[in-house]
Structures are given as structure tokens and as C-alpha cells.
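In what follows, a structure is listed as C-alpha cells, so that the remarks can point back to it.
Throughout, protein chains are lettered first and strands after them, A, B, ... in sequence-line order, and every chain is numbered starting at 1.
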2 protein chains.
Amino acid sequence: MTKIKESSTYNANREIVLQECPVTYVMNKIGGHWKPIILYHLLSGSKRYSEIKRAMPHISEKMLIQHLKQLENDNLLTREAKPVVPPYVTYTLTESGKELDSVIKAMSMWAFKDMKRNRVEEPVC
Amino acid sequence: MTKIKESSTYNANREIVLQECPVTYVMNKIGGHWKPIILYHLLSGSKRYSEIKRAMPHISEKMLIQHLKQLENDNLLTREAKPVVPPYVTYTLTESGKELDSVIKAMSMWAFKDMKRNRVEEPVC
DNA sequence: CATGATACATACTTTGGGGTAAGTACTTGT
DNA sequence: ACAAGTACTTACCCCAAAGTATGTATCATG
């Protein structure tokens, strides 16, 4: 987990904007390339670590746990580890996390519309 | 405008994911810290360059035009320049851009709910 | 006895997004 | 004559996000 320097101008700006815009508030929680996709996969139900990994073949393990931890810190999902060997860890969306489905759905609907408009072939997701 | 190297693993991964996930498709068009905020301000109607600038005091001019150009390339807004001095340039959302309000609204609604839940003071936006 | 599965952790490097600062062209106002 | 406004452009630098690679603990199974 890369640590974040608090003293940069970037972060100063971000904090100011955070106080001013709900959209930025959301982007700070689900922004980036991987977080929305993780959420997307968890919206269909709780999943084991390895299940998520298999569902997203192109993410590195480092990125996956890193974002899972961030999402956990942001109260979007919970982690449950059964003390067995081999380890059995499941990730489940919280209420906050589940309510994001309206956002994810709005995004998906817009995406499909826009792909059609720009004649991009539709994906299988 | 910083050029993007096409040959990186990052971009390879991104292109693969792009073909698989509508959410990533959206994130590539409106992701980052500034684009959603620009869109947010244009949703209330066409604006001059200087108006957008004044509405977003914390963005640098470089970032502003850079993102305006990217949004234009992505067909989310159009640029109209009147050939007068001093220059008079207006930015207007396209149909695609306007339709993003469902996404922006879903985000805002979730944000306010989540802020309440986490007892963050509500912003004035 | 060694391989594989599971769920990570850690070190090291790259890169591209963003910041800062300065310049440009043209005209209007004082 | 000089500053100010408008809409950019350009150059240079920094750092945080992402990638690559390897290590760890535990047990089951061949």
C-alpha cells in the first residue's frame, strides 16, 4: 500500500474541492480504473478473493488487495476471514456499497447508449 | 497536452478492460478529478471559458483547456469561437454530454447520503 | 518430499497526470 | 505608453498511481 503524502499541492487542492463538490467526493471513493469494476462484480453478491481475481484477469494482485482495503476503509465493503487453512476470505458490499448500484447502473446505461452512438461494438461484461 | 505512450502495459490492460466493461468506458471519458466538475458546471447551460474558470478557482488553466479539449474529442461538448477581439469562446454540452446528468445526479445523491451516514458536513456546491 | 492452492506482503521501478510559471496576440481603457 | 482582459500555449518538474517481481505461511495431496 503506497503511502500518500499529505503535504502536496495536489492534496491541498483536492481537499478544497472535496468540500465543494459531491461528484469529487464520489470520485475519491470509486475513482480509478479498478474500483468500479470490483464493485460491479460484488454487486451480484459476495465473492471470495480468488473469485474476484478470476473475474478480473488483468488486474495485478497488488492492485486488487490495495483497492479492496481502500474500499473497506471507505465502508463500501466488509472483509470476512474464516480461520481455516487454506484461508477462506469473502468480500461483501455494505449498505453504502450496495446503494452505489444506482451510480453503476446509470454509468452502464450511458455507456451502452454512447457506444451505439459512436458505433463501438458492444462488450460482453 | 501531455502525449500518451501507446505501448505501455497500462494501456494494454486498459484497452482490454475497455472491451469488457461499460463502467470503465465511462471512467475513461469522465474520470479524473476535473472532468466531472466541468460537466457539472456546464449542465446548467453553455458557458464562456472565463466563466468556467471563475467557477473553478482551483483548477490551473492548463488542466482546464486540456480537459475541455479531451471532452470535445470525446463528443461530450462543442466549442464555438466568435472571431472577435477580445476572443469570445463558449462551451456547450452535446446530447451525449447532457445525458450524463443522470450519472452526475446519481453520484450526487449517493454522495449526500454517504456524507450524512459518515457525518461529514454537507458542502455548498 | 515437493508441489500446489490460498490470500496476501514487500521492494523496486516506471509513467503519466497534474502543478507552476511564463509567454503570446490582439484590443480597449486611462 | 502601459496595464488589463481573453483564451490559450509551452516548457519543465514532481510525485503518486500503477506495474513487475518475488516472498510468506499453512496445510492437503500425490
For the side chain of A/Val89, counting heavy atoms from C-beta on, which of D/dC8, C/dC8, D/dA18 is nearest? C/dC8
Whichever of B/Thr90 and A/Met63 has its nearest DNA chain D nucleotide further upstream toward 5': B/Thr90
B/Ser50 side-chain N/O to D/dA7 phosphate OP1/OP2 under 4.0 Å: yes
Could you state the atom-to-atom distance from CD of A/Glu61 to P of D/dA17 in whole Å? 21 Å
With rounding to the nearest 0.5 angstrom, report the CG to CD distance, A/Asn75 to A/Glu95. 12.5 Å
When you get a sec, tell me which of D/dC8, C/dA9, C/dT20 is the closest nucleotide to the side chain of B/Lys62? C/dT20
Starting at OG of B/Ser44, measure out to CG of B/Asp101 and round the result to the nearest 0.5 Å. 11.5 Å
Between B/Tyr91 and D/dC8, is there a contact of a side-chain N or O with OP1 or OP2 at under 4.0 Å? yes
On the nucleotide D/dA7, are OP1 or OP2 found under 4.0 Å from the side-chain N or O atoms that B/Lys82 carries? no
Do A/Met107 and B/Met107 have side-chain heavy atoms sitting under 4.5 Å apart? yes
Taking only the side-chain heavy atoms of A/Val85 (C-beta and beyond), determine which of C/dG18, D/dT26, C/dG19 contains the nearest atom. D/dT26
Pairwise distance CG(B/Leu64) to CD1(B/Ile37) - rounded to 0.5 angstrom: 11.0 Å
